[in-house]
Undergrad: 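First the structure, which I've put down as structure tokens, then a few questions once you've had a look.
Here is the naming used below: chain letters follow the sequence lines, and residue numbers restart at 1 for every chain.
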Amino acid sequence: MNPRKRIQNLISEAVSRAVSEGLLPPVEVGDIEMERPKRREHGDWSTNIAMAVAGRVGKKPREVAEAVLGCIQDDPGLLSGVEIAGPGFINFHLSPATLRNVLLEVGRKGPMYGSSNTGKGRKVQVEFVSANPVGPLHVGHGRWAAFGDTLANVMAHCGYDVEREFYINDYGTQIRNFGKSISARYLELLGQQVEFPEGGYAGHYVTEIARRIVAEHGDEFKSVSEEDRVTRFVEMEYPRMLESIRETLVKMSVDFDAWFSERELYDRGEVSETLDELKGDGYAYEKEGALWLRTSSFGDEKDRVLVRSNEEPTYFASDIAYHHDKIRRGFEILIDVWGADHHGYVPRMKAAMAAMGYDPECLVVVLGQLVKLFRSGEPVIMSKRTGEIVTLDELLEEVGVDAARYFFLQRSHDSPLEFDIELAKKESPENPVYYVQYAHARICSILNYSGISESDISDPKGVDLELLGEEAEFELLRKISELEEVVEYSAQKYVPHRLTGYAEELASLFHAFYRDCRVVTDDEGLTRARLFLVSCARRVLAVVLGLLGVTAPEKM
RNA sequence: GCCCCCGUAGCUCAACAGGAUAGAGCAACUGCCUUCUAAGCAGUAGGUUGCAGGUUCGAGUCCUGCCGGGGGUGCCA
């Protein structure tokens, strides 16, 4: 049992003892809230239970705290002190032995350190990126790639059964516009005057595609109908585009478990099947020649169209069928990562879940804000209209995957990200990626210098942990002990960026330790104890960097 | 108009389900390499958390109103 739970038990036992001794009136305390105090002198763990309960028992918070404190019977060896502070907090200080024991857990769990079973094997699907296969990924996609992948890592570490999925919008207007755009460029290259299609893709890559078609097929498609030419180009080119997207994602170290095609959803009849079910349940109805879903009965502002009067299903219709399919595949939690510009879509999708008879809560939509690119403080001008964008490939080429992923994961998903390309490239202290990686490399260097192999060090039997007694050592131990909470919080709140903060704190405490404590000395016992400590710190850094998808270099 | 997100140090951002004296990094200034990586460390300075109310033992965090920025509000995706 971890110290947090042991302390919670001490408190609840103390409360019942205080009640039976008549110091407190009978009171239901429920879950005992535990927090990490911000200030060191407030101990390792703190509870506000006295303040929370004070009103209900008609006593002052400090009186309640004293009653509880008086009834606490220490779990032997766990604590070195308990006291009441401030308005009525009860603060707990872990004993040195408890802190040192965290190293044994790191040694035991290795790469699984920080993992837990809070997810209880629940099936989770994280769907992210899901870019239309009509152009290269841009830097915004890069942010969602890093976010989704790390969120999946973090949830897996918490004991969820996680799958990563990419939804391919290979049906409908967008893919058609892609074909039309290629067609227009193709005809231009063959010397015809054509108007560029409305909603077409103006990027230079489209012209490159057309040029390649001309080179390979000449004017073969010049005389066929526009309709046929567009269809032909779509069939020829979207699989290639999808393949290049896949390659870019591989460079981002993102590996999807599933690629789900919208077109196949139609081909299997799942869209019409879903619509029939909704009609059968009375949630879909005809009006003005279109089919509508009664989303307003489930909290949406108004009803939404499923099938237009021209018989074309909307994107919404296939999206419902898609989510229906996800549930039928057994996923209990569906996480959709969408751009913030889709936020108006959330209530209707939740409503659709409810209409299908599912709990809307099982759908979690994470909305992400934009990435603004900078170069040495100057904004990089991009225009969607003219197609002048910086692609994810170009960014990766320039800054590398480690810096890219780290930068994407530094900020909360709901605030816009400023990404400075020059800063990401800099191998200097301004760049936090290197700060963290440097701590890892520095430890490797110490281990190497010691001449003792790490596998030898990690056997705690030959180590006397009691030799660890410096404040800098305890600080490091405390931070190491926090990983599980950080990982759990990141998973529960869908905030994987917390990990970058943790990594920097851990690195910083290691660097401070390095200043205060020399590891390799003539004192063999102390050397072994400290080698064990830094080896554990290294492994924890490696775990965190691994979750972030960033490499942990041995040398820099 | 209505809905959603954001507003915290000069800049970029943290702040765990409301907690104790709001924290980092960068930029600025001052020190520290004959000893395991100076891509490092230590220190100084920097704030009425956009504004005004409210809720309570306690508010950056919750509620109301206002100001400012972004997004949405389609038989588009």
Undergrad: For C41(B), does either OP1 or OP2 sit under 4.0 Å from a side-chain N or O belonging to Y435(A)?
TA: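 Yes.
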
Undergrad: Students often get this wrong, so: under 4.0 angstrom with heavy atoms, is A340(A) touching a base, only sugar-phosphate, or nothing?
TA: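 The residue A340(A) makes sugar-phosphate contact but no base contact.
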
Undergrad: Only pairs at least two apart or in different chains count here, so list each side-chain hydrogen bond (donor to acceptor under 3.5 Å, both in side chains) that has a residue in residues 286-301 of chain A.
TA: T295(A)-D300(A), S296(A)-D303(A), D300(A)-R304(A)

Undergrad: Can you find a pair of side-chain heavy atoms, one from P197(A) and one from S181(A), that are under 4.5 Å apart?
TA: yes

Undergrad: Would you tell me if any nitrogen or oxygen in the side chain of R36(A) comes within less than 4.0 Å of OP1 or OP2 on A15(B)?
TA: no

Undergrad: With a 4.0 Å cut-off on heavy atoms, is F316(A) in touch with a base, just the backbone sugar-phosphate, or nothing at all?
TA: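 Since no nucleic acid heavy atom lies under 4.0 Å of F316(A), the category is nothing.
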
Undergrad: Where along residues 507-518 of chain A does a heavy atom come under 4.0 Å from RNA chain B, residue by residue in number order?
TA: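 Those residues whose heavy atoms fall under 4.0 Å from RNA chain B, taken from residues 507-518 of chain A in numerical order, are H511(A), Y514(A), R515(A), C517(A), R518(A).
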
Undergrad: Classify the nucleic acid contact of S46(A) as base, sugar-phosphate or nothing, counting any heavy atom under 4.0 Å across all strands shown.
TA: base

Undergrad: How is D300(A) classified with respect to the nucleic acid when contacts are heavy atoms under 4.0 Å: base, sugar-phosphate, or nothing?
TA: nothing

Undergrad: Using a cut-off of 4.0 Å on non-hydrogen atoms, how would the nucleic acid contact of K60(A) be classed: base, sugar-phosphate, or nothing?
TA: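 Result for K60(A) = nothing.
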
Undergrad: If you find the nucleotide of RNA chain B closest to H343(A) and the one closest to H497(A), which residue's nucleotide is nearer the 5' end?
TA: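 The answer here is H497(A).
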
Undergrad: How is P416(A) classified with respect to the nucleic acid when contacts are heavy atoms under 4.0 Å: base, sugar-phosphate, or nothing?
TA: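 Contact class for P416(A): sugar-phosphate only.
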
Undergrad: Going by distance alone, is a donor N or O of one side chain under 3.5 Å from an acceptor N or O of the other, for H157(A) and E488(A)?
TA: no

Undergrad: Determine whether the aromatic ring of H342(A) stacks with the base of G72(B), defined as ring centroids separated by less than 5.5 Å and ring planes inclined by less than 30°.
TA: no

Undergrad: Would you mind classifying the nucleic acid contact of A85(A) as base, sugar-phosphate or nothing, using non-hydrogen atoms under 4.0 angstrom?
TA: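 Base, at least one base heavy atom under 4.0 Å.
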
Undergrad: Can you find a side chain N or O atom of Y434(A) that sits less than 4.0 Å from OP1 or OP2 on G40(B)?
TA: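 No, because none of the side-chain N or O atoms of Y434(A) sits under 4.0 Å from OP1 or OP2 of G40(B).
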
Undergrad: Considering the options R478(A), K479(A), R530(A), which one meets the salt bridge (charged side-chain N to carboxylate O under 4.0 Å, His left out) requirement together with E473(A)?
TA: R530(A)

Undergrad: For a quick check of understanding: with a heavy-atom distance under 4.0 Å over all strands, which category does E311(A) fall into, base, sugar-phosphate or nothing?
TA: nothing

Undergrad: Run the ring-centre check on H413(A) versus Y494(A) and record whether the distance is less than 6.0 Å.
TA: no

Undergrad: Under 3.5 Å, is there a donor-acceptor pair linking the side chains of N169(A) and Y315(A)?
TA: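 Looking only at side-chain atoms, Y315(A) and N169(A) do form a donor-acceptor pair, the distance falling under 3.5 Å.
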
Undergrad: Do F92(A) and I90(A) come close enough that some side-chain heavy atom pair is under 4.5 Å?
TA: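 Of all side-chain heavy-atom pairs linking I90(A) with F92(A), at least one is under 4.5 Å.
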
Undergrad: Rounded to whole angstroms, how far apart are CZ on R411(A) and C1' on A15(B)?
TA: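 Value for this atom pair: 14 Å.
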
Undergrad: Tell me whether the side-chain N or O atoms of D341(A) pair up with the base of G71(B) as donor and acceptor below 3.5 Å, since no angle test is needed here.
TA: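 No, no donor-acceptor pair under 3.5 Å.
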
Undergrad: Check the geometry between F89(A) and G19(B) and answer yes if their rings are stacked (centres below 5.5 Å, planes below 30°), otherwise no.
TA: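 Not stacked by the 5.5 Å and 30° rule.
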
Undergrad: Could a donor-acceptor pair under 3.5 angstrom be found where the side chain of N91(A) meets the base of A20(B)?
TA: yes

Undergrad: Does E35(A) make a side-chain donor-acceptor contact with the base of A17(B), cut-off 3.5 Å?
TA: no

Undergrad: Establish, with yes or no, whether the OP1 or OP2 oxygen of G74(B) is under 4.0 angstrom from a side-chain nitrogen or oxygen of R348(A).
TA: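 For G74(B), OP1/OP2 do not have a side-chain N/O of R348(A) under 4.0 Å.
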
Undergrad: Using a 3.5 Å limit on both pairing distances, list the dot-bracket string of RNA chain B from the 5' end; Watson-Crick and G-U wobble pairs count, crossing pairs take [ ], interstrand pairs take |.
TA: (((((((..((((.....[...)))).(((((.......))))).....(((((..]....))))))))))))....

Undergrad: Strictly below 4.0 Å, N to O, side chains only: are E454(A) and R538(A) in salt-bridge contact?
TA: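 Salt bridge: yes.
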
Undergrad: Using ring-ring contact (aromatic ring centres under 6.0 Å, His included), reason through F260(A) and Y322(A) one step at a time and then give a plain yes or no.
TA: CA-CA 9 Å; F260(A) 193 98; Y322(A) 178 41; 4.8 Å; yes

Undergrad: Measure from NZ or CZ of R442(A) to the centre of the six-membered ring of F510(A), then state whether that distance is under 6.0 Å and the direction lies within 45° of the axis.
TA: no

Undergrad: Would you say R498(A) places a side-chain N or O within less than 4.0 Å of OP1 or OP2 belonging to A15(B)?
TA: yes

Undergrad: Tell me whether the OP1 or OP2 atom of U12(B) has a side-chain N or O from K372(A) closer than 4.0 Å.
TA: no

Undergrad: On RNA chain B, does the nearest nucleotide to N169(A) precede the nearest nucleotide to K555(A) from the 5' side, or the other way round? Give the residue.
TA: K555(A)

